[in-house]
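For reference, the structure discussed in these notes is given below.
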Amino acid sequence: MKLKNSPRPLTPLFALICRLTLAIIFFYAGIEKIINPGDFAVAIYNYQLLPDCAINLSAIFLPWLEVFIAASLIAGIYTRGAALISALLFLTFSTALAINLMRGLDISCGCFGASSGNISWLYLERDLSLFCISVFVLIYDRGWRYLFSFQDYKK
Amino acid sequence: MTTNNLSQKLYPAFREGIIILAVALFIAIAFNSMRSNNIPLFGFSSAALIKEQQAKIPSITLSEVYDLYRKIKSYLLTPAILLVLKKAISLEL
(Lines give C-alpha, C1' and ligand atoms only; values in the text may rest on other atoms or scores of the structure.)
Protein backbone atom coordinates (compact mmCIF):
# COMPACT_ATOMS: atom_id res chain seq x y z
CA MET A 1 0.00 0.00 0.00
CA LYS A 2 1.36 3.42 -0.94
CA LEU A 3 0.42 4.88 2.43
CA LYS A 4 3.14 2.74 4.01
CA ASN A 5 5.77 3.27 1.25
CA SER A 6 5.48 7.02 1.02
CA PRO A 7 8.16 9.05 2.79
CA ARG A 8 5.57 11.66 3.84
CA PRO A 9 2.24 9.90 3.91
CA LEU A 10 0.57 12.13 6.47
CA THR A 11 0.62 15.39 4.46
CA PRO A 12 -1.54 14.17 1.55
CA LEU A 13 -3.80 12.31 3.98
CA PHE A 14 -4.28 15.48 6.00
CA ALA A 15 -4.86 17.42 2.74
CA LEU A 16 -7.56 14.93 1.79
CA ILE A 17 -9.26 15.33 5.17
CA CYS A 18 -9.11 19.13 4.76
CA ARG A 19 -10.51 18.82 1.25
CA LEU A 20 -13.49 16.79 2.44
CA THR A 21 -14.07 19.19 5.35
CA LEU A 22 -14.15 22.11 2.91
CA ALA A 23 -16.52 20.18 0.66
CA ILE A 24 -18.98 19.54 3.50
CA ILE A 25 -18.89 23.20 4.58
CA PHE A 26 -19.43 24.45 1.03
CA PHE A 27 -22.20 21.96 0.33
CA TYR A 28 -24.15 22.87 3.47
CA ALA A 29 -23.66 26.61 2.92
CA GLY A 30 -24.64 26.39 -0.75
CA ILE A 31 -27.81 24.35 -0.23
CA GLU A 32 -29.03 26.64 2.58
CA LYS A 33 -28.67 29.66 0.29
CA ILE A 34 -30.18 28.01 -2.79
CA ILE A 35 -33.35 27.26 -0.82
CA ASN A 36 -33.97 30.96 -0.14
CA PRO A 37 -32.09 33.30 -2.50
CA GLY A 38 -34.18 36.31 -1.44
CA ASP A 39 -32.88 36.21 2.13
CA PHE A 40 -29.32 35.79 0.91
CA ALA A 41 -29.74 38.83 -1.37
CA VAL A 42 -30.78 40.88 1.68
CA ALA A 43 -27.74 39.56 3.59
CA ILE A 44 -25.46 40.65 0.72
CA TYR A 45 -27.17 44.05 0.62
CA ASN A 46 -26.59 44.51 4.36
CA TYR A 47 -22.83 44.31 3.80
CA GLN A 48 -23.15 47.55 1.76
CA LEU A 49 -20.29 46.66 -0.53
CA LEU A 50 -21.96 45.83 -3.84
CA PRO A 51 -24.13 48.01 -6.09
CA ASP A 52 -27.83 47.11 -6.27
CA CYS A 53 -27.50 45.67 -9.79
CA ALA A 54 -24.94 43.07 -8.63
CA ILE A 55 -26.74 41.86 -5.50
CA ASN A 56 -29.30 39.48 -7.01
CA LEU A 57 -26.80 38.04 -9.47
CA SER A 58 -24.41 37.32 -6.59
CA ALA A 59 -27.23 35.80 -4.53
CA ILE A 60 -28.07 33.46 -7.40
CA PHE A 61 -24.52 32.64 -8.48
CA LEU A 62 -22.57 32.25 -5.21
CA PRO A 63 -24.60 29.33 -3.73
CA TRP A 64 -24.27 27.33 -6.94
CA LEU A 65 -20.57 28.09 -7.09
CA GLU A 66 -20.25 26.74 -3.55
CA VAL A 67 -22.14 23.57 -4.47
CA PHE A 68 -19.95 23.06 -7.54
CA ILE A 69 -16.79 23.57 -5.48
CA ALA A 70 -18.09 20.99 -2.98
CA ALA A 71 -18.88 18.52 -5.78
CA SER A 72 -15.43 19.01 -7.33
CA LEU A 73 -13.67 18.56 -4.00
CA ILE A 74 -15.58 15.38 -3.17
CA ALA A 75 -15.32 13.82 -6.64
CA GLY A 76 -11.69 14.82 -7.14
CA ILE A 77 -12.45 16.50 -10.48
CA TYR A 78 -10.74 19.87 -11.03
CA THR A 79 -9.64 19.77 -7.38
CA ARG A 80 -6.93 22.42 -7.75
CA GLY A 81 -9.31 24.80 -9.50
CA ALA A 82 -11.92 24.26 -6.80
CA ALA A 83 -9.32 24.81 -4.06
CA LEU A 84 -8.13 28.01 -5.77
CA ILE A 85 -11.67 29.42 -6.06
CA SER A 86 -12.33 28.33 -2.47
CA ALA A 87 -9.27 30.27 -1.28
CA LEU A 88 -10.29 33.34 -3.27
CA LEU A 89 -13.86 33.12 -1.93
CA PHE A 90 -12.71 32.92 1.69
CA LEU A 91 -10.33 35.82 1.12
CA THR A 92 -13.22 37.87 -0.29
CA PHE A 93 -15.53 36.89 2.59
CA SER A 94 -12.81 37.77 5.12
CA THR A 95 -12.28 41.18 3.51
CA ALA A 96 -16.02 41.90 3.51
CA LEU A 97 -16.29 40.82 7.15
CA ALA A 98 -13.28 42.89 8.21
CA ILE A 99 -14.61 46.02 6.48
CA ASN A 100 -18.01 45.72 8.17
CA LEU A 101 -16.52 44.86 11.56
CA MET A 102 -14.42 48.03 11.33
CA ARG A 103 -17.51 49.97 10.26
CA GLY A 104 -19.21 48.65 13.40
CA LEU A 105 -22.23 47.22 11.61
CA ASP A 106 -24.23 44.57 13.48
CA ILE A 107 -25.51 42.51 10.55
CA SER A 108 -26.22 38.86 9.85
CA CYS A 109 -23.24 36.95 8.48
CA GLY A 110 -25.30 35.23 5.79
CA CYS A 111 -22.68 32.48 5.60
CA PHE A 112 -25.15 29.62 6.07
CA GLY A 113 -28.40 31.23 4.97
CA ALA A 114 -30.98 32.21 7.55
CA SER A 115 -29.36 30.21 10.37
CA SER A 116 -26.25 32.44 10.46
CA GLY A 117 -25.42 34.57 13.46
CA ASN A 118 -24.32 38.19 13.44
CA ILE A 119 -20.82 39.03 12.24
CA SER A 120 -17.98 38.95 14.78
CA TRP A 121 -14.18 38.70 14.89
CA LEU A 122 -14.62 34.95 15.47
CA TYR A 123 -16.25 34.64 12.06
CA LEU A 124 -13.32 36.49 10.53
CA GLU A 125 -10.90 34.07 12.19
CA ARG A 126 -12.97 31.14 10.90
CA ASP A 127 -12.88 32.45 7.33
CA LEU A 128 -9.15 33.10 7.50
CA SER A 129 -8.59 29.55 8.82
CA LEU A 130 -10.66 28.16 5.96
CA PHE A 131 -8.60 30.28 3.55
CA CYS A 132 -5.42 28.68 4.93
CA ILE A 133 -6.99 25.21 4.63
CA SER A 134 -7.90 25.94 0.98
CA VAL A 135 -4.32 27.00 0.20
CA PHE A 136 -3.04 23.85 1.93
CA VAL A 137 -5.37 21.71 -0.21
CA LEU A 138 -4.30 23.58 -3.36
CA ILE A 139 -0.64 22.84 -2.70
CA TYR A 140 -0.62 19.41 -1.07
CA ASP A 141 -3.69 17.51 -2.19
CA ARG A 142 -2.89 14.48 -4.35
CA GLY A 143 -6.36 12.95 -4.45
CA TRP A 144 -7.79 9.55 -3.64
CA ARG A 145 -5.54 7.77 -6.14
CA TYR A 146 -2.35 8.76 -4.30
CA LEU A 147 -3.51 7.26 -1.02
CA PHE A 148 -5.02 4.08 -2.33
CA SER A 149 -2.73 3.09 -5.20
CA PHE A 150 -0.11 0.37 -4.98
CA GLN A 151 2.54 2.25 -7.00
CA ASP A 152 5.65 3.61 -5.36
CA TYR A 153 5.93 7.26 -4.50
CA LYS A 154 8.44 8.72 -6.98
CA LYS A 155 8.27 12.50 -6.47
CA MET B 1 8.58 25.10 -3.09
CA THR B 2 10.17 26.92 -6.05
CA THR B 3 8.43 29.64 -8.03
CA ASN B 4 8.47 27.45 -11.12
CA ASN B 5 6.84 24.57 -9.25
CA LEU B 6 4.18 26.87 -7.83
CA SER B 7 3.37 28.35 -11.24
CA GLN B 8 3.15 24.82 -12.66
CA LYS B 9 0.44 24.09 -10.08
CA LEU B 10 -1.32 27.44 -10.38
CA TYR B 11 -1.73 27.55 -14.16
CA PRO B 12 -3.96 24.45 -14.42
CA ALA B 13 -5.75 25.58 -11.25
CA PHE B 14 -6.68 28.88 -12.94
CA ARG B 15 -7.91 27.02 -16.02
CA GLU B 16 -9.97 24.60 -13.94
CA GLY B 17 -11.29 27.45 -11.81
CA ILE B 18 -12.56 29.32 -14.85
CA ILE B 19 -14.38 26.17 -16.04
CA ILE B 20 -16.03 25.73 -12.61
CA LEU B 21 -17.05 29.42 -12.56
CA ALA B 22 -18.57 29.21 -16.04
CA VAL B 23 -20.51 26.01 -15.35
CA ALA B 24 -21.77 27.29 -11.98
CA LEU B 25 -22.91 30.58 -13.57
CA PHE B 26 -24.77 28.77 -16.33
CA ILE B 27 -26.50 26.32 -13.97
CA ALA B 28 -27.35 29.09 -11.47
CA ILE B 29 -29.04 31.26 -14.09
CA ALA B 30 -30.84 28.29 -15.66
CA PHE B 31 -32.08 26.98 -12.29
CA ASN B 32 -33.23 30.44 -11.19
CA SER B 33 -35.22 30.96 -14.38
CA MET B 34 -36.93 27.57 -13.93
CA ARG B 35 -37.86 27.77 -10.23
CA SER B 36 -41.20 29.16 -9.12
CA ASN B 37 -39.84 31.52 -6.40
CA ASN B 38 -37.11 32.99 -8.58
CA ILE B 39 -35.60 36.45 -8.13
CA PRO B 40 -34.81 38.87 -10.99
CA LEU B 41 -31.12 38.82 -12.04
CA PHE B 42 -30.55 42.58 -11.85
CA GLY B 43 -33.70 43.79 -10.13
CA PHE B 44 -32.69 44.25 -6.50
CA SER B 45 -34.17 47.45 -5.10
CA SER B 46 -32.75 48.69 -1.82
CA ALA B 47 -35.41 51.43 -1.67
CA ALA B 48 -38.23 48.83 -1.76
CA LEU B 49 -36.46 46.77 0.90
CA ILE B 50 -36.05 49.76 3.23
CA LYS B 51 -39.73 50.66 2.72
CA GLU B 52 -40.75 47.09 3.54
CA GLN B 53 -38.54 46.99 6.64
CA GLN B 54 -39.89 50.33 7.86
CA ALA B 55 -43.46 49.11 7.39
CA LYS B 56 -42.73 46.24 9.78
CA ILE B 57 -41.52 48.51 12.60
CA PRO B 58 -44.41 49.96 14.62
CA SER B 59 -43.91 53.63 15.45
CA ILE B 60 -44.78 54.77 18.97
CA THR B 61 -44.13 58.05 20.69
CA LEU B 62 -42.45 58.36 24.07
CA SER B 63 -45.61 59.70 25.69
CA GLU B 64 -47.54 56.67 24.40
CA VAL B 65 -44.86 54.41 25.86
CA TYR B 66 -45.22 56.18 29.20
CA ASP B 67 -49.02 55.87 29.12
CA LEU B 68 -48.76 52.18 28.26
CA TYR B 69 -46.39 51.72 31.15
CA ARG B 70 -48.75 53.44 33.54
CA LYS B 71 -51.65 51.28 32.30
CA ILE B 72 -49.87 47.95 32.41
CA LYS B 73 -47.73 48.76 35.45
CA SER B 74 -45.06 46.40 34.27
CA TYR B 75 -42.86 44.82 36.88
CA LEU B 76 -39.98 44.77 34.43
CA LEU B 77 -39.57 48.55 34.32
CA THR B 78 -37.77 49.84 37.36
CA PRO B 79 -38.28 53.34 38.84
CA ALA B 80 -34.91 54.29 37.33
CA ILE B 81 -36.19 53.55 33.81
CA LEU B 82 -39.39 55.45 34.62
CA LEU B 83 -37.27 58.47 35.58
CA VAL B 84 -35.33 58.22 32.30
CA LEU B 85 -38.61 58.06 30.37
CA LYS B 86 -39.95 61.12 32.19
CA LYS B 87 -36.79 63.05 31.41
CA ALA B 88 -36.89 61.95 27.77
CA ILE B 89 -40.51 63.11 27.48
CA SER B 90 -39.71 66.45 29.04
CA LEU B 91 -36.81 66.86 26.60
CA GLU B 92 -39.06 65.91 23.66
CA LEU B 93 -41.71 68.42 24.72
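Chain naming here is simple, since letters A, B, ... match the order of the sequence lines and numbering starts at 1 in each.
- Both the backbone and the side chain of A:L65 come within contact range of chain B, with heavy atoms under 4.5 Å apart.
- At a 4.5 Å heavy-atom cutoff, the contact between A:I35 and chain B is made by backbone atoms alone.
- Contact count versus chain B (heavy atoms, under 4.5 Å) is highest, among A:V67, A:L62, A:I85, for A:I85.
- We find the CG-CD1 distance between B:L21 and A:I69 to be 7.5 Å, quoted to the nearest 0.5 Å.
- Heavy atoms of A:I60 lying under 4.5 Å from chain B belong to its backbone as well as its side chain.
- Partners of B:F14 according to the ring-ring contact (aromatic ring centres under 6.0 Å, His included) rule, which considers only residues two or more places apart in sequence or in another chain, do not exist here.
- The CD1 atom of B:I20 sits 8.5 Å away from the OG1 atom of A:T79 when rounded to the nearest 0.5 Å.
- Taking B:I18, B:L41, B:N38 one by one and counting their heavy-atom pairs under 4.5 Å with chain A, the maximum is reached by B:L41.
- Residues A:V137 and A:I77 are members of one and the same hydrophobic cluster, defined by side-chain heavy-atom contacts under 4.5 angstrom among Ile, Leu, Val, Met, Phe, Trp and Tyr.
- Between B:F42 atom CZ and A:L57 atom CG the span is 5.0 Å, to the nearest 0.5 Å.
- Residues of residues 21-29 of chain A having a heavy atom under 4.5 Å from any heavy atom of chain B: none.
- Both the backbone and the side chain of A:I34 come within contact range of chain B, each with at least one heavy atom under 4.5 Å from a heavy atom of that chain.
- The shortest side-chain heavy-atom distance between B:R35 and A:P37 falls under the 4.5 Å cut-off.
- Heavy-atom contacts from other residues, nucleotides or ligands closer than 6.0 Å to OH of A:Y78 number 12 or fewer.
- No continuous path of hydrophobic side-chain contacts links A:L97 to A:L89 [ILVMFWY only; heavy atoms under 4.5 Å].
- Residues A:I133 and A:L128 do not share a hydrophobic cluster, clusters being chains of Ile/Leu/Val/Met/Phe/Trp/Tyr side chains in contact below 4.5 Å.
- A:F61 CZ to B:I29 CD1: the interatomic distance, rounded to the nearest 0.5 Å, is 8.5 Å.
- Both A:L91 and A:L130 belong to a common hydrophobic cluster when Ile, Leu, Val, Met, Phe, Trp and Tyr are linked at side-chain heavy-atom distances under 4.5 angstrom.
- Smallest separation of non-hydrogen atoms from A:A59 and B:I39: CB-CD1, 4.3 Å.
- Each of A:Y47 and A:L50 belongs to its own hydrophobic cluster when Ile, Leu, Val, Met, Phe, Trp and Tyr are linked at side-chain heavy-atom distances under 4.5 angstrom.
- Contacts of B:I19 with chain A are made by side-chain atoms alone, with heavy-atom separations under 4.5 Å and no backbone atom involved.
- B:E16 and A:R80 make their closest contact through OE1-N, 3.5 Å (heavy atoms, listed as atom of the first residue, atom of the second, distance).
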